[in-house]
Amino acid sequence: MPDMPFRPPAGARSPAGVDTTRASIARVHDAGLGGKDNFEVDRRVLDSVLQVAPGMSEVARRNRAWVRRVVRYLAGIVGVDQFLDAGAGLPAVGNTHEIAQLVNPSARVVYLDNDPMCVAHGRVLLETNEDTVYLDGDLTDPDVLGRDSAVWRYLDRTRPVALILGSVMHHIEDAANPAGIVAGCVRALSPGSFVAITHYWDPADGSPEHELAREVERRFLEHGLGSGWYRSRAEIGSCFDGLELVEPGIVPVDEWWPSGPARSPRTAEERLLLGGVGRKGEPSATGPVAVPGSG
């Protein structure tokens, strides 16, 4: 019988906020980046993971670097001037609005998160100009980008928006239908919009990397965080259904428009984080989107 991943019972887990007795996705991520906005309960979860996957802190940094490259590409080469960073988490170095507005000073950025601690910190530290705002919102809410959503008070829904979902979808359980959530968001965006996603990957091939993915997932789920699923390439790819993938497609994050020569060797942990960017075309548009200058 093939190795079956552990899946906890259905039921959304509310964000931890400032509860110091429960680990928080945002705070564990902050701890992985070396930040200070985390508690002992968060560091215990991270330490448990690092026991079997010491490269996971580097994974968090590589994810941030990928987001920065994607935002530079979209704000600069593509010319997108509206960004929605959903599941944004706690402020870190090189936040979305800092990168986008460095390339295009008039770019408008909305951050969205359902964790009260993230929203409070974000409003203090990230709302640095009239073109940046941090909102309370939950991606699992079907109306999160509905017609009456607060997001559209700040962004023009009739024009392209770049939706950033960095290290978010692997924290949404199967029962909540991650691909369906992305599809719902895409329906709310105008043609010409982009969706950028990173996700933990399980090769599901019996390799040592597959075994590592299964063990890290188990520690995330059973050692206090309660989320953090490694999914197959097909499952990750389903989040891009109906979108035109920007070259080079869904790849390990260091291979998506690298800013310099490839580092060698990458750790197994880093190879198990995939990233991709998709574009919403007109109803009749199909095929891959070429990156300018990629040959």
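The analysis underlying the following values was restricted to heavy atoms, covering all of them including side chains, and did not include hydrogens, waters or symmetry mates. Count residues from 1 along the sequence.
Side-chain polar atoms of T128 and Q101 form no donor-acceptor pair below 3.5 angstrom. For the 3.5 Å distance criterion, the side chains of S48 and H223 qualify, holding a donor opposite an acceptor. Side-chain atoms of T198 and N63 include a donor-acceptor pair closer than 3.5 Å.
Seen from the ring of W201, R233 counts as a face-on cation partner, given the 6.0 Å and 45° thresholds.
The main-chain N or O of V253 is never found under 3.5 Å from a side-chain atom of R62 such that the two would form a donor-acceptor pair. Looking at N129, its side chain does come within 3.5 Å of a backbone N or O of T132 through a donor-acceptor pair. With hydrogens and angles disregarded, a donor-acceptor distance shorter than 3.5 Å links the side chain of E235 to the backbone of S232. A donor-acceptor distance shorter than 3.5 angstrom exists from the side chain of R271 to the backbone of R266, with no hydrogens or angles considered. A donor-acceptor pair under 3.5 Å is absent between the side-chain atoms of R219 and the main chain of V49, judged by distance alone. Counting only distance, with no hydrogens or angles, the side chain of D113 and the backbone of V119 share no donor-acceptor pair below 3.5 Å. Side-chain atoms of E217 come within 3.5 Å of backbone atoms of Y230 as a donor-acceptor pair (strictly under, hydrogens ignored). In this structure, E127 contributes its side chain and G122 its backbone to no donor-acceptor pair below 3.5 Å.
Side-chain heavy atoms closer than 4.5 Å link hydrophobic residues (I, L, V, M, F, W, Y) into clusters, and following such links, even through other members, never connects V133 to L125. The hydrophobic cluster containing L102 does not contain V80, counting ILVMFWY residues as joined when their side-chain heavy atoms lie under 4.5 angstrom apart, directly or transitively.
Taking the six-membered ring for Trp and thresholds of 30 and 60 degrees, Y134 and Y111 have nearly parallel ring planes, at less than 30 degrees apart. Note: H170 and Y200 have parallel aromatic rings, judged against thresholds of 30 and 60 degrees for the angle between ring planes.
In summary, R27 and D115 do not engage in a salt bridge, as defined by a charged side-chain N under 4.0 Å from a carboxylate O. Electrostatic pairing of R159 and D81 counts as a salt bridge here, judged by a charged N lying under 4.0 Å from a carboxylate O. Looking at E40 and R43, a side-chain N of the basic residue comes within less than 4.0 Å of a carboxylate O on the acidic one, giving a salt bridge.
Here the closest non-hydrogen pair linking V216 and A53 is CG2-CB, 3.6 Å.
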